[in-house]
Amino acid sequence: MNNREVAKVFSDTADLLEIKGEAIYRVLAYRKAAESLSSLGEDINETARTGRLRDIPGVGEAIASKIDELLTTGKISFYEKLAAEIPPTLVEILKVGDVGPKKAARFWRELGITTLAELEAAARAGRLRGLSGMGEKSEARILESIQALGRRESDRISIGVAWPAAQGFLERLKDLPGVAAAEAGGRLRRMRETVGDLDLIVASDAPRPVMQAFLEFPEVERVRGQGETKASVVLHDGLRVQLWVHPEAHFGTALQYATGSQAHNVRLRELALDKGLSLSEHGFKRKTGKEIRCAEEEEVYRTLGLPWIPPEMREDRGEVRAALEGRLPVPVALSDLKGELHAHSDWSDGSTSIEGMARAAAGLGLQYLVISDHSRSLGVANGLSIERLREQRKVISAAQKAVRDVRLLQGAEVEILADGRLDYPDEVLAELDLVVASLHTSLRQPREKVTARLLNAIRNPHVDIVGHPTGRMIGGREAADLDMEAILAAAIDHDIALEINANPERLDLNDAHARRLIELGGLLAINTDAHHPDHIGFRLYGVGVARRAWAPAEAVVNTWPVDRLMGWLGGRG
DNA sequence: GCCGTTTTCGGCCCGACTGTTTTCAGTCG
C-alpha cells in the first residue's frame, strides 16, 4: 500500500469514529495521523520496515501498531469492526456542505441513509425536513450542495487558476475607498497545489461599504452567507470566494488566522495559552480582559516569542518547534532565482523562437536561460534529431548575439526510453551545456522497472537534472510508482538536481518529496518547462513548492550565479 | 489517541454564521 492509501484508511477511521460519537480528541488524533501520512516524503513501507513509525508526528503506540497491521495483513481489525458497526459509505456524505458527523449520524439512524445517492433521494422526497432541527432551508441547501458536488469534477481547483483570479480581486479591493490592505489567505497563500475556495482578507475601518462593493462585483453569481465581518459568494464559474473584513488594527491577527493551516493555528493558540493569552482573529486577550491587537502578522508571531513563519511552512510539520528553537530555515524566494534551466522553443513543441524566449527571460531579469527542446524519439513534440540539435546550437549562438542581457545555453530534455536508455548517445549528450532527463512514456511500468529507468538516467555522467521526476499531472495522471528513497539517494550520490517542475498542472517533485530530498542534503532545480514566454511566470508556483519543502536558496541550483552553475555542470560530463 | 524546558496524567483553539430555535447546536475554517 502506498502512503496515500494508508492515510485514507486513517482519515476514514476518523470520520467513522466521529459519526459514531467517539471522543473528539480521539477522532482528531486519527485525523492528524492521516495528515502526517499524506505529507510524508518517504515511502511508509520503508518507515515501517526500519521501525521509525513513531517518529511520524501524531503517530503513537496505538496508531503505529495499526499501520504495521495494515502494511503486513492489508487490513486493520479495529477498522473492520468499526465498519461493521457504522456503514463506511457514510464517509462520502460528509463531503456535502452543511452535513457533518452529527447530521450524518442522524440521517443514518433515523432515516436509514447510508450513501450519497440515498441522501439525495431523501432530500428530493422532502424527508429530511421532518427531522427535528431540520427545515426546508436546510434540506434545500443540502440538495444544492449535492448537485454542486456532482457538477465539479473535483472539489479543488488548481493554484494556476486560483492565483491569477485572486490577484484580480485583490487589485480591485485595494482600489476601494477605505481599504488599507488586501491579501489572499488560506491554502492559496500557503501555495498548496489546489484550493477549494479563495480567501481574501481586507483591512478597513469601514467594513460595510467594502463588503457591499464586493458583493456587487460582476462575477458574483450569488451570496452564500454574509455577516458583519465575513461574506461568502459563488462566482458564475462556480468558484467560491470568502471575504473577511477586519479593522486595520487587527489585520495581522486576521491575516494570520485566515492563512492557517488550522493545525498551525491550533499550535499557536496553544503557545498563547502557555503565556496566559487567548488568540483569535481579533487579537490576543489576557485573562484580565486586556487585549493586544496586531496590525502586522510579524507582531502576532513576536508576541508568541517566534520569528515570522513563512505562510508556505505553516502546516504543523514541525515549523513552530523549529521556530522556537531558532532553527527555522530561510526558504528560497522568487527573487533568488537567477536563471531558467528547462525551456522549450519552436524547434520542438514550444510556441516561440529561441530569440523570443531569450527576450522574455531577459525581460524578467534572468541571467541565464537553457533552451532544452525535446529529443528525437518524442515525435509528437517534434523532438530534435541529432542533426537538428547540432544545427540548433548555431541558432542559439546567433540569438545570443541579438540578446546580450541573458546567457543562453543549449540543453535538451532527453527522453528516458522505455528500456532505460537515453534518447541520444553519450557523445551527443557531451556536446550539450546541460541535460534534463525526463520520463514521458511508459509511466505505468511496474515499480522496479520504472525506478531502474530513472536510476539509469541518474547514473549517466552527462545528466544534470531529472525533469518532473514522477510524471504526475495534478487531477489527471497518477505519478509513476517509484522507489523514491532510491531515487533521492542516487541523485545525491551523483550530485545531480531533481526538478521541481513549476507548471501548476505538474508541481513535480511535490513538496513532500522535495522536503525529503532537502533533509537528505540533495539539490533542487526550480524549472518552468516553459513552452511559451508567459510560462516563465510559473516560477512563482515552483518557488512555492520549494518553500513548502523548507528548501534554502543554497540548495536550488538555479539560484546560483552563472559561474558557479557552470562549474557544477562542468564537474560532471 | 497523542504528548511533555510547568506534565507519563490531564490536558488537547476559537469565533462567525446559519437555521431552527426561544437560547442553541451544528458546521466551517
Side-chain angles (χ1 to χ4, degrees), chain A residues 10 13-14 17-19 21-36 53-67 78 93-107 128-142 145 185-190 195-199 201 207 211 223-232 240 242-246 250 253-254 256-285 304-305 314 316 320-321 324-325:
Chain A
F10 285 95
T13 303
L17 287 172
E18 198 174 15
I19 292 170
E22 269 286 350
I24 188 64
Y25 291 110
R26 198 178 178 204
V27 172
L28 293 174
Y30 278 94
R31 203 158 278 153
K32 166 70 189 167
E35 270 167 34
S36 281
L53 288 175
R54 298 284 299 271
D55 294 346
I56 300 169
V59 174
E61 195 182 337
I63 292 183
S65 85
K66 289 185 174 76
I67 296 173
F78 173 76
I93 79 172
L94 295 178
K95 289 203 186 79
V96 179
D98 297 313
V99 177
K102 299 283 171 36
K103 285 181 188 166
R106 295 186 53 207
F107 294 156
L128 300 184
R129 68 184 75 168
L131 301 177
S132 78
M134 297 278 304
E136 282 183 41
K137 277 191 183 172
S138 304
E139 194 174 70
R141 274 176 88 107
I142 286 172
S145 173
R187 290 168 66 103
L188 187 70
R189 183 154 180 253
R190 302 203 310 277
V195 302
D197 57 15
L198 302 184
D199 297 300
I201 303 92
M211 193 83 83
V223 178
R224 294 174 74 226
Q226 184 194 358
E228 296 271 313
T229 59
K230 270 201 245 182
S232 173
R240 282 174 306 168
Q242 297 204 71
L243 180 75
W244 277 268
V245 187
H246 280 265
H250 305 174
T253 38
Q256 194 290 315
Y257 161 76
T259 300
S261 64
Q262 204 163 350
H264 174 85
N265 287 357
V266 168
R267 285 270 174 260
L268 295 196
R269 287 170 173 184
E270 285 170 359
L271 266 189
L273 287 175
D274 289 347
K275 294 181 182 295
L277 297 167
S278 160
L279 170 61
S280 80
E281 58 266 49
H282 304 294
F284 292 94
K285 234 184 255 171
L304 294 169
R314 300 181 195 169
D316 190 26
V320 173
R321 175 181 286 261
L324 278 171
E325 294 171 355

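Per the geometry, CG belonging to A:L268 stands 12 Å off P belonging to B:dC14, to the nearest Å. The distance between atom CG of A:D316 and atom P of B:dG29, rounded to the nearest whole Å, is 19 Å. Rounded to an integer number of Å, the gap from A:E35 CD to B:dG1 P is 18 Å. In this structure, CZ of A:R321 is placed 10 Å from C1' of B:dC3, rounded to the nearest angstrom. Between the P atom of B:dC14 and the NZ atom of A:K285 lies a distance of 10 Å, rounded to the nearest Å. Taking atom CG of residue A:L94 and atom P of nucleotide B:dG26, one finds them 14 Å apart after rounding to whole Å. In this structure, the CG atom of A:D274 is 12 Å from the P atom of B:dT7, given to the nearest Å. Distance A:Q226 CD to B:dT18 P: 8 Å, rounded to the nearest Å.
Of the possible donor and acceptor atoms, none in the side chain of A:R129 sits under 3.5 Å from a partner among the backbone N and O of A:E136. Judged by distance alone, the side chain of A:E18 and the main-chain N or O of A:V27 form no donor-acceptor pair under 3.5 Å. Panel note: side chain A:S36, backbone A:I56; no donor-acceptor pair is recorded below 3.5 Å.
In this structure, A:Y25 reaches the B:dC13 phosphate: one of its side-chain N or O atoms is under 4.0 Å from OP1 or OP2. In this structure, A:R141 does not reach the B:dT18 phosphate: none of its side-chain N or O atoms is under 4.0 Å from OP1 or OP2. Between A:K66 and B:dG1 there is a side-chain polar atom (N or O) within less than 4.0 angstrom of OP1 or OP2. Side-chain nitrogen and oxygen atoms of A:R269 include none within less than 4.0 Å of the OP1 or OP2 phosphate oxygen of B:dC13.
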Evaluate side-chain contact (heavy atoms from CB on, under 4.5 Å) for A:L268 paired with A:V320, printing each intermediate quantity in order.
-> CA-CA 8 Å; A:L268 295 196; A:V320 173; 4.1 Å; yes
Apply salt bridge (Lys or Arg N to Asp or Glu O under 4.0 Å) to A:R267 and A:E270, showing your working.
-> CA-CA 5 Å; A:R267 285 270 174 260; A:E270 285 170 359; 3.1 Å; yes
Give the intermediate values and the outcome of side-chain contact (heavy atoms from CB on, under 4.5 Å) for residues A:V59 and A:F10.
-> CA-CA 11 Å; A:V59 174; A:F10 285 95; over 6 Å; no
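Among the heavy atoms of the strands, none lies under 4.0 Å from A:G186. Among the atoms of the strands shown, only primed sugar atoms or phosphate atoms (P, OP1, OP2) are found under 4.0 Å from some heavy atom of A:K103. Residue-level contact check: A:V59 touches the backbone only, with heavy atoms under 4.0 Å from sugar-phosphate atoms and none from bases. Residue-level contact check: A:D199 touches neither bases nor backbone, having no heavy atom under 4.0 Å from any strand. Note on A:L273: only backbone sugar-phosphate atoms sit closer than 4.0 angstrom, heavy atoms only; bases stay farther off.
Within residues 130-140 of chain A, the residues that have a heavy atom under 4.0 Å from DNA chain B are, in order of number, A:G133, A:M134, A:G135, A:E136, A:K137, A:S138. Remark: A:Y257, A:Q262 in residues 257-265 of chain A come within less than 4.0 Å of DNA chain B through at least one heavy atom.
Sequence order on DNA chain B of the closest nucleotides to A:R267 and A:K102 puts A:R267 first from the 5' end. For the pair A:L279 and A:I63, both in contact range of DNA chain B, the more 5′-proximal nearest nucleotide belongs to A:I63.
Counting only heavy atoms from C-beta on, A:V266 has its side chain closest to B:dC13 among B:dC13, B:dA16, B:dC14.
With P as the reference atom, B:dT21 and B:dC17 are 22 Å apart, rounded to whole Å. Rounded to a whole angstrom, the distance from the P atom of B:dT8 to that of B:dC3 is 16 Å. As rounded to the nearest Å, B:dG10 and B:dA16 have P atoms that lie 33 Å from one another. For B:dT20 and B:dT27, the P atoms lie 14 Å apart once the distance is rounded to whole Å. One C1' atom belongs to B:dG29, the other to B:dT23, and the distance between them is 24 Å to the nearest Å.
The CG atom of A:L53 lies 12.5 Å from the CD atom of A:E61; values are rounded to the nearest 0.5 Å.
Between A:Y30 and A:F78, the two ring planes are parallel [angle under 30°; tilted spans 30° to 60°].
The only member of A:R141, A:K137, A:K103 that meets side-chain hydrogen bond (donor to acceptor under 3.5 Å, both in side chains) when paired with A:D98 is A:R141.
Look at B:dT8: it lacks any Watson-Crick or wobble partner with both distances under 3.5 angstrom.
For the residue pair A:N265 and A:Q256, a side-chain donor N or O sits within less than 3.5 Å of a side-chain acceptor on the partner.
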